[in-house]
Every structure is written in C-alpha cells, then in structure tokens.
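I have placed the structure first, in the form of structure tokens, so that the comments after it can refer back to it.
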Amino acid sequence: MRITVDPDRCVGAGQCALNAPALFDQDDDGLVTLLAEPRADQHDKARLAGALCPSGAITVHEG
C-alpha cells in the first residue's frame with residue numbers, strides 16, 4: 001500500500017489526522033501532510049482516512 005496526498009485539494013477538515021494520527025498531520029495552514037507510509041497493521045486506518053477525506057486529497061493505492 002502507498003498513499004499520496006494533494007495539499008492543493010485539502011480543505012483542512014482534519015479527518016485524516018483525527019482517525020490516523022500516526023500517518024497524517026496538518027501543517028500550519030491546516031493542510032494534510034503524510035507522516036509515513038502505512039505498515040501492514042495501519043492499512044485499515046489509511047483506508048478510513050482516505051474514505052473520510054471530504055475533498056479527496058488522500059489517495060490510497062493498493063498493492
């Protein structure tokens with residue numbers, strides 16, 4: 001699994017950082033930053049963060 005983030009699409013809702021704080025944070029402007037690629041035990045959290053992102057700024061690439 002790999003994750004890409006697009007800060008230009010981010011609206012700063014914070015669902016990613018709230019639901020997967022080991023993987024995502026928000027910068028000083030409130031925009032998504034990826035902290036780390038997910039380990040196997042974090043895949044569900046990564047998928048949840050991608051699904052909850054209201055702007056589609058997080059893309060989870062399976063495989």
Side-chain angles (χ1 to χ4, degrees):
M1 173 181 284
R2 158 177 91 76
I3 298 173
T4 55
V5 296
D6 184 353
D8 292 333
R9 292 184 70 173
C10 182
V11 296
Q15 291 300 306
C16 55
L18 182 66
N19 288 285
L23 301 175
F24 302 98
D25 199 359
Q26 292 176 281
D27 66 14
D28 291 338
D29 294 322
L31 303 179
V32 62
T33 58
L34 179 64
L35 299 176
E37 291 294 334
R39 299 183 316 258
D41 65 328
Q42 297 172 316
H43 286 189
D44 287 341
K45 291 283 189 178
R47 287 184 194 102
L48 179 63
L52 292 175
C53 181
S55 64
I58 298 169
T59 304
V60 178
H61 307 273
E62 298 285 348

Can you list the residues that meet the side-chain contact (heavy atoms from CB on, under 4.5 Å) rule with P54, with sequence neighbours excluded?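 Per chain and number, P54 pairs via side-chain contact (heavy atoms from CB on, under 4.5 Å) with V11, A13.
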Rounded to the nearest 0.5 Å, how far apart are [atom1] of [X] and [atom2] of [Y]?
X: N19; Y: D44; atom1: CG; atom2: CG; value: 12.5 Å
X: E37; Y: H61; atom1: CD; atom2: NE2; value: 8.5 Å
X: L23; Y: T33; atom1: CG; atom2: OG1; value: 11.0 Å

Check: S55 main-chain N/O paired with R9 side-chain donor or acceptor under 3.5 Å: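 Present.
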Distance-only, no hydrogens or angles: does the D27 side chain make a donor-acceptor pair with backbone N or O of D29 under 3.5 Å?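 Side chain of D27 to backbone of D29, a donor-acceptor pair under 3.5 Å: yes, one is there.
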Any idea which heavy atoms bring A49 and A20 closest together, and the distance?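 The answer is CB-CB, 4.4 Å.
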Non-hydrogen atoms of A17 and D25 that approach each other most closely: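 For A17 versus D25, the nearest heavy atoms are CB-CA, 4.1 Å.
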Answer yes or no: is there a side-chain heavy-atom contact under 4.5 Å between [X] and [Y]?
X: M1; Y: Q42; value: no
X: F24; Y: L34; value: yes
X: P38; Y: I3; value: yes

